[in-house]
Amino acid sequence: MSVRDVVAGDPLLAAGFDAFARHGFKRATMADIAAGAGMSRPALYLRVKGKEDVLRAVGAALLTDSAARARTAADETGDIATRVVAVLEAKLGLTLGLAERSEHALELLAEYGRVATTGTAQYTAEIEQLTARVLAATGAGADRCADIATALVRTVQGLETELDDAPRARKLLMALVNTTVDGLTRS
């Protein structure tokens, strides 16, 4: 499912996503969003106060979907490294998918981080917890798994800057996770 597909069911979210993807946050207007949603600007203002509210709602929908995919990956059975990669790919794939859809991805990510600090922090914490839970299947201690999960998520945040080379970012993630899991299972 593409990042655009996540918001497709709600005309307001879809219109907001499209306006932000096309123009960036700063240049998108409430008129763009209202027109895309098929509503008047006064009707739009009955649902939201401004475009920051729209961005928060779009971002929340995308993070909710990504977290659900990460939970599913963590709950699967099978190879630990594959499950860890799938959990982290839910986060990385969200950013890379946004970059595939918009040249304004970095601006949108920065603006979302500014307007929705709590949502972003909760999402990141959940990805870390899921990663640590899967890593615990290696037999490593809980504290060690939590520390490694934090390091892996921070690395994914760095890989999210590889917007122009998604295959390389995914390849690096896979190599890091395989090496990490291999090391944990040997110790």
Side-chain angles (χ1 to χ4, degrees), residues 1-7 17 55-102 104-187:
M1 174 181 295
S2 77
V3 290
R4 171 62 169 80
D5 293 340
V6 172
V7 297
F17 179 89
L55 182 62
R56 267 191 290 276
V58 169
L62 294 173
L63 293 182
T64 298
D65 177 73
S66 174
R69 286 186 287 112
R71 284 190 296 276
T72 298
D75 291 340
E76 291 178 356
T77 58
D79 180 59
I80 296 168
T82 301
R83 291 169 49 212
V84 171
V85 167
V87 168
L88 296 172
E89 171 62 31
K91 179 173 180 11
L92 180 61
L94 174 60
T95 302
L96 296 178
L98 180 58
E100 290 170 359
R101 181 85 162 106
S102 174
H104 304 285
L106 288 177
E107 176 199 358
L108 296 174
L109 292 168
E111 287 296 326
Y112 183 75
R114 182 183 65 78
V115 303
T117 55
T118 303
T120 302
Q122 290 171 341
Y123 168 76
T124 301
E126 182 173 5
I127 298 298
E128 287 179 13
Q129 291 165 358
L130 291 168
T131 302
R133 188 178 65 168
V134 176
L135 288 172
T138 64
D143 288 343
R144 186 172 183 203
C145 290
D147 288 344
I148 292 169
T150 298
L152 287 170
V153 170
R154 297 303 181 268
T155 301
V156 167
Q157 289 170 328
L159 291 173
E160 288 172 335
T161 64
E162 297 280 330
L163 299 180
D164 58 340
D165 196 352
R168 176 173 161 70
R170 288 183 166 103
K171 180 181 175 184
L172 292 171
L173 174 63
M174 191 169 297
L176 177 62
V177 169
N178 286 331
T179 301
T180 302
V181 170
D182 187 47
L184 285 173
T185 56
R186 289 184 185 188
S187 54

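As a basis for the values below, the full set of heavy atoms in this structure was taken, side chains included, without hydrogen atoms, waters or symmetry mates.
You'll find the side chain of Tyr112 stays beyond 4.5 Å of the side chain of Leu62, heavy atoms only. Two residues are said to be in side-chain contact when any heavy atoms from C-beta on lie closer than 4.5 Å; Leu176 and Thr180 meet this criterion. In this structure, Thr124 and Arg154 have side chains that are in contact, with non-hydrogen atoms separated by less than 4.5 Å.
In this structure, Tyr123 and Ser66 approach most closely via the heavy-atom pair OH-OG, 2.6 Å. In terms of heavy-atom proximity, Val6 sits nearest to Ala61 at CG1-O, 3.6 Å. Among all heavy-atom pairs drawn from Ala70 and Val87, the shortest one is O-CG2, 3.5 Å. Counting all heavy atoms, side chain and backbone alike, Ala74 lies closest to Leu130 at CB-CD2, 3.9 Å. Taking both residues in full, the closest heavy atoms of Ala99 and Ala105 are given as CA-CB, 3.7 Å, listed atom of the first, atom of the second, then distance. Listed here is the closest heavy atom pair of Asn178 and Ala81: OD1-CB, 3.2 Å.
Here CG of Leu159 is found 9.5 Å from CG of Leu88. Values are rounded to the nearest 0.5 Å. For the atom pair OG1 of Thr120 and CG of Leu63, the computed distance is 6.0 Å after rounding to the nearest 0.5 Å. One finds the CG atom of Leu98 at 9.5 Å from the CG atom of Leu96 (value rounded to the nearest 0.5 Å). For the atom pair OG1 of Thr155 and CG of Leu172, the computed distance is 10.5 Å after rounding to the nearest 0.5 Å. Taken to the nearest 0.5 Å, the CG atom of Leu55 stands 6.5 Å off from the CG atom of Leu108. In this structure, Ile127 CD1 and Leu152 CG are separated by 12.0 Å, a value rounded to the nearest 0.5 Å.
Using a 4.0 Å cut-off between a side-chain N of Lys or Arg and a carboxylate O of Asp or Glu, Arg69 and Glu89 do not qualify as a salt bridge. A salt bridge is absent between Asp75 and Arg71; no separation between the charged side-chain nitrogens and carboxylate oxygens falls under 4.0 Å. Comment: Asp79 does not engage Arg83 in a salt bridge, judged by the lack of any side-chain N to carboxylate O separation of less than 4.0 angstrom. With respect to the salt-bridge test (charged N to carboxylate O, under 4.0 angstrom), the residues Arg133 and Glu128 do not qualify.
Atom CZ of Arg114 has more than 12 heavy atoms from other residues, nucleotides or ligands within 6.0 Å.
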Listed pairs under 3.5 Å, donor-acceptor, residues 135-147 side chains, sequence neighbours left out:
from	atom 1	to	atom 2	distance (Å)
Thr138	OG1	Leu135	O	2.6
Thr138	OG1	Ala140	N	3.3
Arg144	NH1	Ser187	OG	3.1

Apply side-chain hydrogen bond (donor to acceptor under 3.5 Å, both in side chains) to Thr179 and Asp182, showing your working. CA-CA 5 Å; Thr179 301; Asp182 187 47; over 6 Å; no
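With hydrogens and angles ignored, the 3.5 Å screen pairs a side-chain donor or acceptor of Arg56 with a backbone N or O of Val115.
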